[in-house]
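Have a look at the structure below, then the notes.
Numbering of ligands and ligand atoms starts at 1, following listing order.
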Amino acid sequence: MNHPPEIQLPGLSKPTLMPAYSALGAPYVTSVPTTPLPAPRLLHVNLQLAAELGIDEAASACPEFVETMAGNRAWPGYESISSVYGGHQFGTWVPRLGDGRAHLIAEIATPAGERRELQLKGSGPTPYSRFADGRAVLRSSIREYLCSEAMHALGIPTTRALSLVSSPQPVRRETLETAAVVCRVAPSLVRFGHFEYFYYRDDHAQLAPLADHVIEQNFPEFAASPNRYADWLGEVVARTARLLAAWQAVGFCHGVMNTDNFSVLGLTLDYGPFGFIDAFDSHHICNHTDEGGRYAYDQQPVIGHWNCSRLLQATLPLLAQKPEAAVEIATEILDRYPALYTDAMTRAWRQKLGLRDARDDDRELINRYLSILETGHSDFTRSFRNLARFRTADDALATELRDEIADLERFDKWLADYRQRLRSEQSDDAERSLRMNVVNPKYVLRNHLAQAAITAAEHGDAGEIERLFTLLQRPFDEQPEHAAYAAEPPTELRHIEVSCSS
Ligand code: AMP
Ligand code: MG
């Protein structure tokens, strides 16, 4: 017997609303309606995430869902809100930013009992839009949608993406484009900049309620601690250090590491002009707008540290009454970052090389390999993936291993040392290659792949979004039918420029 689909969204008996952020009220959040878009079209829905949220496939296919995800219809029982924050943009303090084009449309409990916030991006102007239009264009929405889920599948903490809706509504950027809305999902979207906003306005009394909310909802293990702010901030610093190591390990460049784009949960947040490195260049700058290279690949870990220093500055009033005492506590927390980062990074490189034991000279072996890749402009992702084919037992090398390498003489010397290092820990070739293939992805969201999906979608074809989405859910699997997606970009597509324009 065919039951009619159970439509959960319109009636909304479930998922259960769990408003906690909106309950903070002014001055943290303002109730702001979304602005409807004409003729919304659901380009993609993340069925797995929808299921985790308690939205079943039939519900996600109904017109009410599309309308809700377009911002054309409110989530039953919830008034959408936007929040105020500031931020250090490219090192300069900007006192007032905020959700200029984003609306929180629901706070829900998932069937597993976890609290999740749903936020639309590109859903119209808010009091924080300044002079901008509150919209997001299709190309940047596709990039955010695909990359959030690609990062999640890589095992990197990130905001998730539930849906991607397009509309013919024109949006003016450098040229005339069209609008789209992504629905992001996270336990919290509070940024470093939320705390900075109140700190620099000297509204220090506003810091504790926000921190208490973040801790109660997301760090319950610290809620009863007498040092709960220090405990939480220590955890943010640790998560940020680990996040940066995770980015470096897959060659991910964020592009706009402003403090307003940094999550107090240690999530990758705000996908703009990001990029995965193709030909390895440690100074790679993925954001065309970043002329000085502040956010270049090799600068990212340092900037992560600096951003933590801004968060700790902004939360000084929470740490102790006497400023000197607060600075002492904050400095101690901040000073943990370098070692935490280095530990996480060294562990990640070791795993990428398939090294099981930790030895003092591993860093030299890693750095020599990276240097060989850099001088030869070798493809970062492919070079690491190929290494899993290395065999210690026989001297005949898999040809793929050399494919990406320019300086073969140096490489052969390095391989001899690598072989010796592996043999010294009785490395088993087959077992090692299995371990390596779950840390060195075969597929990442290269710019030219995202661009192909964008171009097709701009011509009305969402098929490539679906293909990439599905492919990138299993980045470590071979998927031979999609081998072409693991190739280096063709020469003419190597320098696609992405900028802050979105
Ligand atoms: P982003 O560069 O996307 O991280 O945005 C920086 C700030 O500008 C945030 O406060 C955004 O909400 C705001 N913003 C960016 N683009 C727009 C837009 N089209 N309309 C309104 N606000 C925007
Ligand atoms: Mg932002």
So does Arg336 pair up with Asp343, basic N to acidic O under 4.0 Å? no
Side-chain donor-acceptor pair present, Asp99, Ser83, cut-off under 3.5 Å: yes
Do any pairs count as a side chain to side chain donor-acceptor pair (under 3.5 Å) and have a residue in residues 103-118, sequence neighbours left out, and if so which ones? Ser22-Glu107, Tyr78-Glu107, His103-Ser123, Glu107-Arg115, Glu114-Arg116, Arg115-Glu117
Can a side-chain donor-acceptor contact be found between Thr158 and Tyr271 if the only test is distance below 3.5 angstrom? yes
Hits for salt bridge (Lys or Arg N to Asp or Glu O under 4.0 Å) against Arg143, two or more places apart or cross-chain, chain-then-number order -> none
Mind checking what residues have non-hydrogen atoms under 4.0 angstrom from ligand 1? Tyr85, Gln89, Leu97, Gly98, Asp99, Gly100, Arg101, Ser129, Arg130, Ala132, Asp133, Gly134, Arg135, Arg173, Asn261, Asp270
Please tell me whether Ser501 and Glu174 have a donor and an acceptor in their side chains that are separated by less than 3.5 angstrom. yes
No-hydrogen, no-angle side-chain donor-acceptor test under 3.5 Å, Gln300 and His254: no
I'd like to verify the contacts: list protein N, O or S atoms under a distance of 2.8 Å from the Mg ion (ligand 2). Asn261 OD1, Asp270 OD2
With under 30° as parallel and over 60° as perpendicular, where do the rings of His305 and Tyr337 fit, or are they tilted in between? parallel
Ignoring hydrogens and angles, state whether a donor on the side chain of His482 or Tyr443 is under 3.5 Å from an acceptor on the partner side chain. no
